[in-house]
Amino acid sequence: MLWSGGPPRAVSPIGEVEKVLRFAVSQIPPHKIMMGMNLYGYDWTLPYQPGRWARSVSPQQALEIALANNAAISYDQKDQAPYFHYYDKNGAEHVVWFEDARSVRARYLLGARLGLRGFSYWVLGNEFPQNWLVLQDMFTVKKL
């Protein structure tokens, strides 16, 4: 959906995810499709400049950055994604877009509504304890 060299925005805006999945299920039986879930976010230095890449952060790191900088986390209802702004020690403004329990729940609901086979993950190993709690709460997890 988004890449770290592009302008700041939600990593996986729900509307864009739904467009891709609706096309996929029009071409492939839904029970054969696994939805990719990102387990990361991006921290951009502002103002955005093409060619300057955002730093990848885990959802847990994003929360720690927000806490360390007393940054209020906002939630974009349209994209179903959290974000916040902060200033680093050099006075540069940053914006961080990441995933949280609300955003992954919205994506899990979309996958379930479309009858997908399941979910797969990008960047395993990033700390994101909320994801696993939401997943276990919403589904019966089968390890293959």
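- Taking 4.5 Å as the limit, some side-chain heavy atom of Phe84 sits within range of a side-chain heavy atom of Ile65.
- Cluster membership check: Ile14 shares its hydrophobic cluster with Val25, using side-chain heavy-atom separations under 4.5 Å among Ile, Leu, Val, Met, Phe, Trp and Tyr.
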side-chain contact (heavy atoms from CB on, under 4.5 Å) between Thr45 and Arg52: does it pass, once the steps are laid out?
CA-CA 8 Å; Thr45 302; Arg52 187 192 305 170; 3.1 Å; yes
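- With no hydrogens or angles considered, a side-chain donor-acceptor pair links Asn38 and Glu99 at under 3.5 Å.
- Counting only heavy atoms from C-beta outward, the side chains of Ser103 and Pro82 approach each other to under 4.5 Å.
- Around CZ of Arg102, the count of heavy atoms belonging to other residues, nucleotides or ligands within 6.0 Å exceeds 12.
- Put simply, the side chain of Asn90 never gets that close to the backbone of Ala92: no donor and acceptor are under 3.5 Å apart.
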Show, in sequence, the C-alpha distance, side-chain angles and deciding distance for Ser12 and Arg107, and conclude whether the side-chain contact (heavy atoms from CB on, under 4.5 Å) test is met.
CA-CA 9 Å; Ser12 297; Arg107 284 149 188 78; 3.9 Å; yes
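- Between Ala62 and Phe98, the closest heavy-atom pair is CB-CG, 3.5 Å.
- The distance from atom CE of Met34 to atom CZ of Arg117, rounded to the nearest 0.5 Å, is 6.5 Å.
- We find that Lys78 and Asp76 are not joined by a salt bridge, their nearest charged nitrogen and carboxylate oxygen being 4.0 Å or further apart.
- Residue Trp44 comes nearest to Pro7 through the heavy atom pair CZ2-O, 3.7 Å, listed as atom of the first residue, atom of the second, then distance.
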Full working for ring-ring contact (aromatic ring centres under 6.0 Å, His included) between Phe119 and Phe139
CA-CA 11 Å; Phe119 306 91; Phe139 301 101; 5.5 Å; yes
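- Using cut-offs of 30° and 60° on the angle between ring planes, the pair His85 and Tyr83 is perpendicular.
- A distance-only check finds no donor-acceptor pair linking the side chain of Asp137 to the backbone of Leu133 [under 3.5 Å].
- Taking CG of Asp100 as the start and CG of Asn131 as the end, the distance is 10.5 Å to the nearest 0.5 Å.
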Could you walk me through whether Leu135 and Val104 pass the side-chain contact (heavy atoms from CB on, under 4.5 Å) check?
CA-CA 8 Å; Leu135 180 70; Val104 295; over 6 Å; no
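- Inter-residue side-chain proximity for Met35 and Ser120 is flagged as unmet; no heavy-atom pair is nearer than 4.5 Å.
- Checked by atom type and distance alone, the side chain of Gln80 pairs as donor or acceptor with a backbone atom of Gln77 at under 3.5 Å.
- Contact detail for His94 and Asp43: the closest heavy-atom pair is ND1-OD1, 2.7 Å.
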Steps toward side-chain contact (heavy atoms from CB on, under 4.5 Å) verdict (Val95, Tyr48):
CA-CA 10 Å; Val95 63; Tyr48 167 71; over 6 Å; no
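- Met37 and Tyr108 make their closest contact through CE-CE2, 3.5 Å (heavy atoms, listed as atom of the first residue, atom of the second, distance).
- You'll find the side chain of Met138 reaches within 4.5 Å of the side chain of Leu109, heavy atoms only.
- The CD atom of Gln130 lies 15.0 Å from the CZ atom of Arg105; values are rounded to the nearest 0.5 Å.
- Leu63 is listed as a side-chain neighbour of Ile73, based on a closest heavy-atom distance under 4.5 Å.
- In this structure, Val11 and Gly41 approach most closely via the heavy-atom pair CG2-CA, 4.0 Å.
- When all heavy atoms of Leu39 and Trp132 are compared, the pair lying nearest together is CD1-CZ2, 3.9 Å.
- Taken to the nearest 0.5 Å, the OH atom of Tyr40 stands 15.0 Å off from the CH2 atom of Trp97.
- In this structure, CG on Leu67 lies 8.0 Å from CD on Glu64, to the nearest 0.5 angstrom.
- Between the side chain of Gln61 and the main chain of Ser58, a donor-acceptor pair closer than 3.5 Å is present.
- Looking at Asn70 and Tyr86, their side chains never bring a donor and an acceptor atom within 3.5 Å of each other.
- Taking CD1 from Ile33 and CG from Leu114, the interatomic distance works out to 8.5 Å, rounded to the nearest 0.5 Å.
- Side-chain contact between Tyr42 and Pro8 is absent, with no heavy atoms from C-beta onward closer than 4.5 Å.
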